Each structure stands twice: as C-alpha cells, then as structure tokens.
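From a predicted model like this one, the values you see are computed outputs, not experimental measurements. Hydrogens, waters and symmetry mates are skipped; everything else that's a heavy atom, side chains included, is used.
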Amino acid sequence: MRHQRIMPWIGSLTLIGPLWASPVWAVTQSPGPALYQVRATWHDVGATPHFAGLDIRLHKLFVSNLSQGTLTVLNAQTGVKEATIRLGGTLHTVVVDQQNQRVYVTDIQRGLLDVVNPATNRIMARISVGGHPHGLAVSQRLHEAAVSNISLNAVEIIDLNTNRVIKTIPVGPNPWGVSINSVTDTIYVANTGINPFAVSPAPTINPSGNSVTIINGRTLTVEKTVVVGPHPWNVLADPVTDTTYVGVSGAHAVAVLAGQRVIQDIGVGQSPHGLALDQAHHQLWVNNSASNTVSLINTQTNAVSQTLPVGVDPQGVTVNPVTQIAYVVNQGSDSVSVVAPGVKEK
C-alpha cells in the first residue's frame, strides 16, 4: 500500500536546512534546575510506536503502532504489555476519554476514527470521516470530537452521541494538530502544510503552512487565522489560563498564544512534535523529534526549565497529572521513555 510505504517519512522528518535556516522568530530560554529524570525505558511497546493515551483509573497506557495497525496496551505502572488490539490501517493520535470510558484513535490510511472500550480492550465503533484523519481532540462537555484531516484541508466535527460527522470546517493547508479549550469552547488547528499523501512521488511541503486556525466551538465557524511560524505540527490549549501552545517545527520553538495573538516564542529542540500539559504542576512537555529530547516548559514563566535526552525520534507524549510521570513515545527506537520527578527545586 502506498500509505504504508511513505508513513515512516512522517516520523523521521527533520525540518532543518536552507528552507528555514534563518527563522525570524524571537525565542526565550532559561536552563533552570534539574527536576525530572528518565526512570525507565520500556521496549515491549510494538513496532513504530507513535502516540499514546493514558487511562489513569485503569493504569493503562494505549500506544498506537503507526505501521502495524495495532494499539499496544501497557500497564502504566510496570510497563508490562497487557494486550495488543488489532485495528488495522495506519494509526496515529490516541485520546482517552476517562469520563465516558472511551479510547479514540485516528486511522489515517482508512479514514476512520476508531472507538475502543478501555476496560475490555474491545472495538466499540468505527466512525467514517474520509480523507486522511490525523489530529484529534475531544470535548467531554459538548460530547464532540474535532478531527483534523490532512487531505481535506479541514477539521471534521463528530457528534459522539451518534458517532457521525456533523460539520466539516475548511481551515489552512494540511492540518495536523488540533486542540479544544474546554472552558471557552474554542478549537485550535495547526495548519502544517505538509502532505505525505500527495499524488507526486515525494510528499509536498506548502510554505503557506504557517498558521493556526481558531474556530468558535459553539457556532462552528472560523474566527481568525494566526501566523505562528513555519510548519506547526501540534497545538495544545490550556483552559485554565486561556493560553495556547503551538509546536512550530520549522522554527524549533513553541509559540505562545494569548487569545488570538502570539505573545512569545520559546526556543526548544529541533522539530518539536508531541505536546502534553500538566496543569496542576505548571509543566508543558515538548517532544523534540529531531533532537531526541524532551523539553519541559514552566507555564508560569514560559521558559524552558529542563531538557532531557530520550529515545530516537520522540513523537507523542502524555503525562499523569497525579504522579507527574510522563510517557515519551520514541518511534525511531521502538520504545517509551518514562520520565518522573527527581531532584526537587529548592
């Protein structure tokens, strides 16, 4: 299948070189004290692990295996593999809705959003969205999901009561990441401008992929498009502070949005990809996929407090807000790095 042949390119993409060798984005960085350590590396996680979702109540980590069409289920406390869920296709983003006891997974190759019961590890539904669904965010309050679609240049809104697409909203070129502010019901979409499913022999890179589309989640209409820098891969909204963080891969930075404008750019490693937020401890986790590191940003100061080496080509990251343990998914080394608090700040 053509999709399977080119999918490894997604994980290994390094956005450096002449095209964006001289970014104009101002960055802020401070070293800070060492607060976290890599405590373990789990290897029985399946081939080409990409993203992960954490069920805190069941102590389960669900890892998508990009090229295998499987979800690997790990005990989140021990790292022991408990199950392999065979879904098929090319699996990408994983979101665990603990309130409604669902695991949602985007299937890029087959144009599906798969729904899994986290207690039984069984498939509950397959929602057809068409195109190439990629990013995913779930609103528990509205009981809706927003799915970014690379090939449709759109975000699709799904009613999770009926498991049907209720609206398709055009956005910028080739959207990858998507996030929902659950307080303001605002949807943020990273317009990456990279299409690995183009008809041409090589994936296409659109220089117009440099923005975030802001959508009113109540009216499902576009409010504004904000330029953030070259090729933003992921976006994450903090509903407590009404701040949004965007991993801008071409600038090797995280753009900070307050409302509908960029207020700061924070320098991180090369090609920031996965993002995770620990609201309780004011930590933003950023996977630097081309640097093989994870950066921690203090969201009270918006400065990098620590950068840790992890595995090869880290993609997704998720964090337990109770234990402060983060799980970094390393696609290139088929592993998960378990990062936990170490030396406490004085």
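S151 and H132 form a side-chain donor-acceptor contact under 3.5 Å, judged by distance and modelled atom types alone. For the residue pair K81/N75, the side-chain donor-acceptor check at 3.5 Å is not satisfied. N191 and T213 are linked by a side-chain donor-acceptor pair at a separation below 3.5 angstrom, with hydrogens and angles left out of the test. With 3.5 Å as the limit, one finds no donor-acceptor pair spanning the side chains of N288 and Q270. Using modelled atom types, one finds no donor on one side chain facing an acceptor on the other under 3.5 Å when comparing T307 with T293.
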**OP:** Verify side chain to side chain contact (heavy atoms under 4.5 Å, CB included) between V171 and N153, making sure each step is shown before the conclusion.
**Re:** CA-CA 6 Å; V171 292; N153 297 331; 5.5 Å; no
**OP:** Report the C-alpha separation of Q140 and D97 in whole Å, then their side-chain angles, then the decisive distance to 0.1 Å, and conclude whether the side-chain hydrogen bond (donor to acceptor under 3.5 Å, both in side chains) test is met.
**Re:** CA-CA 8 Å; Q140 294 178 334; D97 180 350; 2.6 Å; yes
Subject >> Stepwise side chain to side chain contact (heavy atoms under 4.5 Å, CB included) check, V328 with N330 >> reply: CA-CA 6 Å; V328 179; N330 306 306; 3.7 Å; yes
**OP:** Decide yes or no on side-chain hydrogen bond (donor to acceptor under 3.5 Å, both in side chains) for Q109 and D107, but give the supporting numbers first.
**Re:** CA-CA 6 Å; Q109 180 181 340; D107 180 344; over 6 Å; no
**OP:** Report the C-alpha separation of I169 and L220 in whole Å, then their side-chain angles, then the decisive distance to 0.1 Å, and conclude whether the side chain to side chain contact (heavy atoms under 4.5 Å, CB included) test is met.
**Re:** CA-CA 7 Å; I169 306 170; L220 299 182; 4.0 Å; yes
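Proximity of V268 to S291: side-chain heavy atoms (C-beta onward) are nowhere separated by under 4.5 Å. Within the 4.5 Å cutoff, the side chain of I85 has no heavy atoms near those of the T70 side chain. The shortest distance between side-chain heavy atoms of N320 and L54 falls below 4.5 Å. With contacts defined as side-chain heavy-atom distances shorter than 4.5 Å, the pair D114/Y104 does not qualify. Side chains of T241 and T299 form no contact here, defined as non-hydrogen atoms less than 4.5 Å apart. Looking only at side-chain heavy atoms (C-beta outward), H134 and T106 stay at 4.5 Å or farther from each other. The closest side-chain heavy-atom distance from I194 to W176 is below 4.5 Å. Taking the side chain as every heavy atom from C-beta outward, L160 and I158 approach each other to under 4.5 Å.
Residues forming a side-chain hydrogen bond (donor to acceptor under 3.5 Å, both in side chains) with D334 (at least two apart in sequence, or on another chain): none. The side-chain contact (heavy atoms from CB on, under 4.5 Å) search around P232 returns A190, V228, V246, not counting sequence neighbours.
No more than 12 heavy atoms of other residues, nucleotides or ligands shown are found within 6.0 angstrom of CD on Q101.
Looking only at distances, a side-chain donor or acceptor of N65 sits under 3.5 Å from a matching main-chain atom of A47. A donor-acceptor contact shorter than 3.5 Å links the side chain of N174 to the backbone of I150. Checking side-chain atoms of T78 against main-chain N and O of V80 turns up a donor-acceptor pair under 3.5 Å.
How far CD1 of I214 is from OG1 of T184: 9.5 Å, rounded to the nearest 0.5 Å.
Contact record, V96 with G53: CG2-C, 3.6 Å, taken as the closest heavy-atom pair. Heavy-atom minimum distance, T192 versus H231: O-ND1, 2.8 Å. Pairing each heavy atom of I127 with each of N163, the nearest pair is CG2-O, 3.3 Å.
For W285 and Y36, the ring centers sit closer than 6.0 Å to each other.
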